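I have placed the structure first, in the form of structure tokens, so that the comments after it can refer back to it.
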Amino acid sequence: MSEQKRIPQHVAIIMDGNGRWARQRGKERYEGHAAGVEPVRAALRAAARNGVKYLTLYAFSTENWGRPEPEVDALMELFCRSVVNETPELVRQGVEIRMIGDRSRFSEKVQRYLAEAEERTAGGATLKLILALNYSSRDEIARAVRRIAARAAAGELAPERISETTIGEALDTADYPDPDLIVRTSGECRLSNFLLWQASYAELWFPEVLWPDFTEADFDRALEEYARRDRRFGLVK
Ligand code: IPE
Ligand code: IPE
Ligand code: MG
């Protein structure tokens, strides 16, 4: 019998390459985003099958607002449509939707759709699907620092008692363990403002596959890659 495979508790994915996938096919960029929905389903199926408990997907960064308006509008429509269409299946699979990022910048309509998806999937026990929407790490950290500073100014928290735990608890990810594995598709080897604090000891993997082409087999490959890694956390074995 082979040694039991180590499974990451939390996998985070930077879903990149939709635009290039579309361009290669002579399609519009938004068609690449639309083609990125099926791989989300595939990643979810593979995560659930392997016993992964948290799957975080980077879907829209604070910087992505700077893209052309039609593309941003198409993405907003796609988020609304997808959460509505997918919710029944997510409920069936026991997937609980959660979000990180600053959603106050989204339109009321988008905020309503997101809140409904969270409510309807609440209590799903198979896995948590954490969508990073209007998310960036520096924005998250700045918001956390403002909250901590307000508590200090109000006399509720002595500055010398601010610890890594205090900071972790003030981040959007307070309820979740740090990611064990971060995957970025499309061959780009950067984090683009994603989970900078939480990624301290994450394993990183950068497959060439463009996000719309990502399959369950790619997710399985990510887990195989992870199982080969030797995590030392600064210690000596
Ligand atoms: C990722 O694909 C999706 C979002 C950032 C919303 P891109 O749209 O960044 O695709 P490329 O990088 O241009 O190929
Ligand atoms: C990161 O991808 C954001 C998401 C996948 C949502 P980008 O395509 O926006 O990042 P850069 O511009 O290549 O760094
Ligand atoms: Mg990109």
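Predicted model only: the values in this text are computed from it and were never measured. Starting from 1, each residue takes its place in the sequence as its number. In each ligand, atom 1 is the first atom listed, and ligand 1 is the first ligand listed.
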>> Under 4.0 Å from a heavy atom of F60: which atoms of ligand 2 are those, numbered in the order shown and with their elements?
In response: 6 (C)
> Going by the order shown, which atoms of ligand 2 are within less than 4.0 Å of some heavy atom of R190?
Replying inline: 11 (P), 13 (O), 14 (O)
> Is the distance between the Mg ion (ligand 3) and the nearest N/O/S atom of E188 smaller than 2.8 Å?
Replying inline: no
>> If we set the cut-off at 4.0 Å for heavy atoms, which region of S61 has an atom near ligand 1: side chain, backbone, both, or neither?
In response: neither
> Out of R67, E188, E71, who gets a non-hydrogen atom closest to atom 8 (O) of ligand 1?
Replying inline: R67
>> Just so I know, are the side chains of N193 and R138 near enough to count as touching, which here means a heavy-atom distance under 4.5 Å?
In response: yes
> Is the Y54 ring parallel, tilted or perpendicular to the H10 ring (thresholds 30°, 60°)?
Replying inline: tilted
>> Is the contact between L210 and ligand 1 made by the side chain, the backbone, both, or neither, using heavy atoms and a 4.0 Å cut-off?
In response: neither
>> Within the structure provided, determine whether Y226 and R231 are in side-chain contact (heavy-atom separation under 4.5 Å).
In response: yes
>> Among all protein heavy atoms in this structure, tell me which lies nearest to atom 5 (C) of ligand 2, with the distance rounded to 0.1 Å.
In response: M15 O, 3.5 Å
> Can R23 be said to touch ligand 1, with heavy atoms closer than 4.0 Å?
Replying inline: no
> Should you measure from each heavy atom of I14, which atoms of ligand 2 turn up under 4.0 Å away?
Replying inline: 5 (C)
> Do you know which of S107, S82, C80 makes side chain to side chain contact (heavy atoms under 4.5 Å, CB included) with Y113?
Replying inline: C80
> Going by the atom numbers of ligand 1, which of them fall below 4.0 Å from some non-hydrogen atom of R20?
Replying inline: 11 (P), 12 (O), 14 (O)
>> Just to check, does R184 reach to within less than 4.0 Å of ligand 2 when the distance is taken from its heavy atoms?
In response: yes
> Nearest heavy-atom pair of W211 and V40: which atoms, and what distance?
Replying inline: CZ2-N, 3.7 Å
>> Parallel, tilted or perpendicular: which one describes the rings of F219 and F214, with boundaries at 30° and 60°?
In response: perpendicular
> If we only count N/O pairs under 3.5 Å, is G19 in contact with ligand 1?
Replying inline: yes
>> Any nitrogen or oxygen of Y58, side chain or backbone, less than 3.5 Å from one on ligand 2?
In response: no
>> Does either side chain, that of R151 or that of T166, offer a donor lying less than 3.5 Å from an acceptor on the other one?
In response: no
> Mind checking whether M15 and P39 have side chains closer than 4.5 Å, heavy atoms only?
Replying inline: no
> Is the shortest distance from a heavy atom of S186 to ligand 1 less than 4.0 Å?
Replying inline: no
> For ligand 1, which atoms, with element, lie under 4.0 Å from some heavy atom of A59?
Replying inline: 6 (C)
> Aromatic rings F194 and Y58: how do their planes relate, parallel, tilted or perpendicular, breaks at 30° and 60°?
Replying inline: parallel
